[in-house]
Amino acid sequence: MKAKYLIFSLLILCLMFCGCEIKNFNLPSWNVNLKVPLINEHYYVSDLVDSVNFFMENDSIIVQASGDFEANPLNNIPVVLLDEPEDATLLSGIEATGSFSLSQAQDSIRLSYGVISQGEIDFNFSGMSPEVISASLVFQEFRDNTGAPLTISYNNLTGWRSVNLEGYYFGQEGSDNVINQLDYDLHVTSSLPIGTPVGNLEIRMGGPVYFSLIRGIVTSYKILMNNSLANVDVEYPEGVSDAIQIKSAKITIDVHNPYSFACLMNGQIYGRNDDGEEAVYNIPQSEAYLIHPVNDASGGFTRLIFEGTEVNNLVQIMPTHVELREAFFSVYNPNHQIGEMNIHELLNGTYIVRTPLVLEFTDKEIMPADSTEIEISDDNIDLIEENINDVHLMMSIVNRLPIGGQITLFFSTDPNFRPDVNDPSQLVKSAHLSALTYQEQEIDLNLDKNEIKMFTHPYVYMRLKIKFDNTNGPVSITATPEDYIGIRCMLQVNAHIEES
């Protein structure tokens, strides 16, 4: 029995191995759709606001650059009183009066009063007779701080001598009577008969007399300015100066004039951007831009507003450096009115280059300054490299601005890359940007096998360019929390998964 059972068992085994084919064992597998988030960015108009150069006003963004300016100290105001030597004959026993005419060179400044800070008057008694007891000449227009007039005395000394005029006053304080000549009184005492010539007195001034304060008629005087500048610390989006046309820029200049003469401003407002572009606004010479004197109802405060094509051109370059150049103020006094100038008072003010973002857009590209870093996990990299069927770049865009256009995304593995559609190392994808979209605009962009490789790196960097449609007219850009462009971007991956 045992033998029969063993033979039967062997037959069964032979049938199993000879009559059946044993196949390899297959593990389960399936296809899955996965979403890999890349970016979720909102580009707010209000992000431009820095409270200095960009700020909010009634929900609109105002762009401005400002600076202070100040006149150079006047130091001393030069006035030529005598440009030629004068002389007088001395007669014994005669108390004579006379005058020396003031220089015609000082016609632009005709004084009624002044405080002298520097100057000299030279004199020389010559050919004096031994019989002269005393001789003196008194100028009534020059007085010291006690009110005593300037007196030049012989004192038995000959040869050229000088009198220092510093601290003397010229004319009468508060007087409106312009001084056209230097009046003098001449006193001579001698033992010779009355009327006998006893000598000669020469008077000269080797240069101008300098005043710290003047009162009178000034018709021409230049008040020099310090070159003032404002560096505008703004990181403008790249290309913004080409993509928009400024329409309503203004330059406002607030001036305080401490002098009782009206003035005109001369010079340029110069702007330069980081690309080296330059623009200049020439300040117009016109009575429409007259700077009021301190003694009128304005108290010397004047606001000048300049606008127009040249101002728009200056702001158009989006300057990062604004400077007041070759600037000076010139006294404007066509009616020859009396006024005062004091060197201890400085003309000063501020200037503001300002524009609301009411712009006309052209079809040029704008690019935000910074790139966005995207981190790809190791698991996602493995998934993309080994098991991918296809990949779609899915974009969701919301544009809350009143202008549409085209948006282009650039991807690179270089954090410092510059977008270039001709660079094969960059992945470039574009889509239409609709204006004022309140629902997300869904965009499906298929990626080929070469494009997919961009996302097999641990870090990928994205920059975007926006090419707005030409508006053919001004568009007002506000900056509320609702004014933005929102972009969400993800990879939609169809992958083949096998259980290991």
Side-chain angles (χ1 to χ4, degrees), residues 66-79 106-119 145 166-179 208-230 251-269 283-306 323-353:
S66 61
D68 300 323
F69 62 85
E70 189 173 70
N72 288 328
L74 292 182
N75 292 326
N76 300 295
I77 303 170
V79 179
Q106 65 125 23
D107 277 352
S108 61
I109 301 179
R110 299 169 58 198
L111 298 179
S112 59
Y113 174 70
V115 178
I116 299 174
S117 55
Q118 182 182 336
N145 56 9
E166 181 180 353
Y168 274 83
Y169 301 90
F170 182 73
Q172 297 295 320
E173 184 175 5
S175 173
D176 290 341
N177 296 320
V178 172
I179 300 170
V209 176
Y210 294 88
F211 291 82
S212 61
L213 180 149
I214 60 172
R215 180 177 176 82
I217 298 172
V218 178
T219 55
S220 176
Y221 192 77
K222 183 183 291 188
I223 303 164
L224 299 178
M225 304 295 295
N226 289 317
N227 276 353
S228 302
L229 60 89
I251 296 176
T252 302
I253 300 180
D254 291 324
V255 186
H256 176 239
N257 176 13
Y259 313 124
S260 47
F261 298 103
C263 295
L264 289 174
M265 188 175 185
N266 304 259
Q268 300 175 334
I269 296 179
I283 298 170
Q285 299 297 293
S286 168
E287 286 191 15
Y289 303 108
L290 198 64
I291 297 166
H292 302 297
V294 71
N295 56 341
D296 80 350
S298 70
F301 291 93
T302 304
R303 169 163 289 183
L304 306 177
I305 298 178
F306 305 101
E323 183 177 325
L324 198 61
R325 282 189 166 184
E326 301 175 8
F328 65 91
F329 289 84
S330 54
V331 169
Y332 183 78
N333 189 17
N335 296 324
H336 292 209
Q337 295 177 323
I338 295 286
E340 287 190 7
M341 296 178 71
N342 188 329
I343 69 168
H344 301 298
E345 296 171 333
L346 296 180
L347 189 150
N348 61 82
T350 61
Y351 62 93
I352 299 173
V353 182

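Just the heavy atoms: all of them, side chains too, but no hydrogens, waters or symmetry mates, feed the values below. This is a predicted model, so every value here is computed, not measured.
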Completion exercise
Smallest heavy-atom separation, Val294 atom then Ser260 atom, equals CG1-N, 3.9 Å
Completion exercise
Closest non-hydrogen atoms of His256 and Phe301, given as atom of the first, atom of the second and distance, are CD2-CZ, 3.4 Å
Handout entry: Point-to-point distance, once rounded to the nearest 0.5 Å, from NE2 of His344 to OG of Ser212
Key = 5.0 Å
Exercise for the section: Quick one: pull up OH in Tyr289 and CD1 in Ile253 and give me the separation to the nearest 0.5 Å. Expected result: 10.5 Å
Completion exercise
Separation between CZ (Arg325) and CD (Gln268), nearest 0.5 Å, reads 7.5 Å
Handout entry: Short side-chain to backbone donor-acceptor contact, Asn335 and Gln337, under 3.5 Å
Key = no
Exercise for the section: Apply side chain to side chain contact (heavy atoms under 4.5 Å, CB included) to Ile77 and Tyr221, showing your working. Expected result: CA-CA 10 Å; Ile77 303 170; Tyr221 192 77; 3.9 Å; yes
Exercise for the section: Taking atom CD of Gln285 as the centre, report whether more than 12 heavy atoms of other residues, nucleotides or ligands fall under 6.0 Å from it. Expected result: yes
Handout entry: Heavy atoms of other groups near Gln172 CD, more than 12 under 6.0 Å
Key = no
Exercise for the section: Return yes if a side-chain donor-acceptor contact under 3.5 Å exists between Asn266 and Ser330, otherwise no. Expected result: yes
Handout entry: Side-chain heavy atoms of Ile283 within contact of Leu304, under 4.5 Å
Key = no
Practice task
Could you check if a side-chain atom of Met341 sits within less than 4.5 angstrom of a side-chain atom of Ile223, using non-hydrogen atoms only?
Solution key: yes
Exercise for the section: State, yes or no, whether a side-chain contact exists between Ile338 and Ile217 at a heavy-atom distance under 4.5 Å. Expected result: yes
Problem - Sidechain-backbone polar pair: Asn348 side chain, Leu346 backbone, donor-acceptor under 3.5 Å - result: yes
Handout entry: Beyond-backbone contact of Tyr113 with Leu213, side-chain heavy atoms, under 4.5 angstrom
Key = yes
Exercise for the section: May I ask you to test the Phe211-Leu111 pair for a side-chain heavy-atom distance under 4.5 Å? Expected result: yes
Exercise for the section: Would you check, one step at a time, whether the test side chain to side chain contact (heavy atoms under 4.5 Å, CB included) holds for Val79 with Val209? Expected result: CA-CA 5 Å; Val79 179; Val209 176; 5.6 Å; no
Exercise for the section: Indicate the atoms forming the closest heavy-atom contact of Asp176 with Ser112, along with that distance. Expected result: C-CB, 4.2 Å
Problem - Nearest-0.5 Å distance, CG of residue Asn257 to CZ of residue Phe329 - result: 8.0 Å
Handout entry: Heavy-atom closest contact (Ser298 atom, Asp296 atom, distance)
Key = OG-OD1, 2.5 Å
Practice task
Taking the side chain as every heavy atom from C-beta outward, state whether Cys263 and Tyr332 have any atom pair closer than 4.5 Å.
Solution key: no
Exercise for the section: Report the C-alpha distance between Ile291 and Leu264 in whole Å, list the side-chain angles of each, state the deciding distance to 0.1 Å, and finish with yes or no for side chain to side chain contact (heavy atoms under 4.5 Å, CB included). Expected result: CA-CA 6 Å; Ile291 297 166; Leu264 289 174; over 6 Å; no
Problem - Donor-acceptor pair, side chain of Thr302 and main chain of His292, under 3.5 angstrom - result: yes
Completion exercise
When every non-hydrogen atom of Pro293 is compared with those of Ala262, the smallest separation belongs to CB-N, 3.8 Å
Practice task
Examine distances only and state if a side-chain atom of Arg110 and a backbone atom of Gly216 form a donor-acceptor pair shorter than 3.5 Å.
Solution key: no
